[in-house]
Amino acid sequence: MTTNKQALRWSLIMLAILFPLLYAGYIHYQRSNFSCEVHTTIVDDKYVVDAIMDYTFHGDSGTLETSGEYIPLNAPPVAVSNKVLFNAWRENGEVVLISNETNELPKKDEAYRLTIPDFYHARDRGLRFKLTSANASSYFFIYANFPIFYCTKG
């Protein structure tokens with residue numbers, strides 16, 4: 001009987017040690033591997049861009065897929081889309097993204113491209129922001145202490 005009690009005691013001790021380690025690993029994995037969706041509208045005097053952006057993070061890399069409409073003043077809407085592959089890491093409490101590849105459509109220059117960061121339409125460009133949980137199912141992308149995106153988990 002004492003052998004069984006000792007085996008049970010050691011099993012409980014091992015579980016007490018392993019459970020917090022497994023939970024910490026799970027939290028780290030969830031923090032680095034997720035996807036979320038942003039619906040954004042850029043309004044200017046001469047145009048409106050209405051787009052949905054899907055960010056997917058896989059540890060140290062990720063993708064961004066964007067689709068929407070560019071609506072110039074007094075002109076028909078133009079469908080826009082983009083796929084950006086990027087590297088990602090955390091540094092000083094912020095997330096750093098560096099674009100590897102981008103496929104922005106349409107290929108011609110549109111006025112809205114002057115107002116968005118180079119990360120979204122050029123290779124080897126960076127973007128840095130804080131990624132803060134808003135709740136269990138969403139994040140805020142914060143730049144210069146100002147929330148720029150509200151992103152809901154997919």
Side-chain angles (χ1 to χ4, degrees), residues 15-154:
L15 282 175
I17 292 170
L18 287 176
F19 183 74
L21 293 174
L22 291 172
Y23 185 71
Y26 173 75
I27 295 298
H28 177 74
Y29 179 84
Q30 290 291 76
R31 187 174 157 215
S32 302
N33 296 275
F34 66 94
S35 62
C36 65
E37 179 179 280
V38 174
H39 182 190
T40 188
T41 304
I42 301 170
V43 179
D44 188 78
D45 293 341
K46 299 176 184 168
Y47 63 86
V48 172
V49 176
D50 187 30
I52 294 179
M53 304 183 328
D54 290 309
Y55 286 86
T56 302
F57 293 87
H58 295 290
D60 61 354
S61 65
T63 59
L64 164 65
E65 295 187 46
T66 304
S67 63
E69 289 185 323
Y70 167 62
I71 308 165
L73 189 63
N74 300 321
V78 177
V80 295
S81 66
N82 194 4
K83 183 171 184 177
V84 179
L85 304 177
F86 59 82
N87 290 331
W89 65 87
R90 292 184 183 265
E91 186 177 282
N92 299 326
E94 296 181 320
V95 175
V96 178
L97 306 180
I98 304 293
S99 59
N100 291 333
E101 190 66 47
T102 181
N103 184 21
E104 193 172 28
L105 298 174
K107 295 290 185 188
K108 65 182 186 171
D109 288 334
E110 301 287 1
Y112 73 91
R113 289 196 176 121
L114 299 174
T115 61
I116 62 173
D118 288 344
F119 168 82
Y120 293 99
H121 55 90
R123 294 178 84 177
D124 298 323
R125 298 292 193 253
L127 190 62
R128 178 185 292 260
F129 55 85
K130 287 184 182 179
L131 187 62
T132 304
S133 290
N135 54 42
S137 63
S138 61
Y139 294 96
F140 285 118
F141 287 51
I142 299 173
Y143 179 76
N145 295 322
F146 184 75
I148 54 172
F149 294 136
Y150 176 77
C151 193
T152 55
K153 283 185 180 179

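Position 1 is the first residue of the sequence, and the numbers go up from there. Side chains are part of it too, since the values below use all heavy atoms of this structure and drop only hydrogens, waters and symmetry mates.
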Trainee: Could you tell me whether the side chain of Ser99 reaches within less than 4.5 Å of the side chain of Leu85, counting heavy atoms only?
Mentor: no
Trainee: How long is the gap from CZ on Phe57 to CG on Leu64, to the nearest 0.5 Å?
Mentor: 8.5 Å
Trainee: So which atom in Arg125 and which in Phe119 form the shortest heavy-atom distance, rounded to 0.1 Å?
Mentor: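 Distance-wise, the nearest heavy atoms are O-CD1, 3.4 Å.
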Trainee: State whether the side chain of Arg123 and the backbone N or O of Asn100 hold a donor-acceptor pair below 3.5 Å, judged by distance alone.
Mentor: yes
Trainee: Just by modelled atom types, is the Cys151 backbone N or O under 3.5 Å from a matching donor or acceptor in the Ser138 side chain?
Mentor: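 Checked: no pair found.
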Trainee: Under 4.5 Å between any side-chain heavy atoms of Leu131 and Arg90, yes or no?
Mentor: yes
Trainee: Give a yes or no on this: more than 12 heavy atoms of other residues, nucleotides or ligands lie within 6.0 Å of atom CZ of Arg113.
Mentor: yes
Trainee: Does the side chain to side chain contact (heavy atoms under 4.5 Å, CB included) test come out yes or no for Tyr47 and Thr115, once each step is laid out?
Mentor: CA-CA 11 Å; Tyr47 63 86; Thr115 61; 3.1 Å; yes
Trainee: In Å and rounded to the nearest 0.5 Å, what is the CG to NZ distance from Asn74 to Lys46?
Mentor: 12.5 Å
Trainee: Rounded to the nearest 0.5 Å, what separation is found between the CG atom of Asp50 and the OH atom of Tyr70?
Mentor: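 Output value for this atom pair is 14.0 Å.
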Trainee: Looking at Trp89, is its backbone amide N or carbonyl O close enough to the side chain of Asp60 to form a donor-acceptor pair, meaning the two atoms are under 3.5 Å apart?
Mentor: no
Trainee: Mind listing the closest non-hydrogen atom pair of Phe149 and Met53 along with its distance?
Mentor: CZ-CE, 3.2 Å
Trainee: Using every non-hydrogen atom in the two residues, find where Pro106 and Ala79 come nearest and quote the distance to one decimal.
Mentor: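 Here Pro106 and Ala79 meet closest at CD-O, 3.5 Å.
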Trainee: What's the spacing between Leu127 CG and Ile148 CD1 if we round to 0.5 Å?
Mentor: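 Nearest 0.5 Å value for the CG-CD1 distance: 6.5 Å.
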Trainee: Between Val80 and Glu69, what is the shortest heavy-atom contact and its length?
Mentor: CG2-N, 3.9 Å
Trainee: Looking at every non-hydrogen atom in both residues, tell me the closest pair between Ile42 and Ile116 and how far apart they are.
Mentor: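 In this case the closest contact between Ile42 and Ile116 is CD1-CG2, 3.7 Å.
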Trainee: Ser35 and Asp54: side-chain donor and acceptor closer than 3.5 Å?
Mentor: no
Trainee: Taking atom CZ of Phe141 and atom CG of Leu97, what is their separation to the nearest 0.5 Å?
Mentor: 7.5 Å
Trainee: Does the side chain of Tyr150 come within less than 4.5 Å of His39's, by heavy atoms?
Mentor: no
Trainee: Looking at Ser137 and Lys153, would you say the former's side chain and the latter's main chain have a donor-acceptor pair under 3.5 Å?
Mentor: no
Trainee: Heavy atoms, side chains only, cut-off 4.5 Å: are Val38 and Tyr55 in contact?
Mentor: yes
Trainee: So which atom in Asn33 and which in Gly59 form the shortest heavy-atom distance, rounded to 0.1 Å?
Mentor: OD1-N, 3.2 Å
Trainee: Rounded to the nearest 0.5 Å, what's the gap from CZ on Phe146 to CZ on Phe129? Could you check?
Mentor: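 The CZ atom of Phe129 is 15.5 Å from CZ of Phe146, to the nearest 0.5 Å.
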Trainee: Looking at Asn103, is its backbone amide N or carbonyl O close enough to the side chain of Asn82 to form a donor-acceptor pair, meaning the two atoms are under 3.5 Å apart?
Mentor: yes
Trainee: Report yes or no: does Thr132 contribute a side-chain atom to a donor-acceptor pair with the main-chain N or O of Phe140 at less than 3.5 Å?
Mentor: no
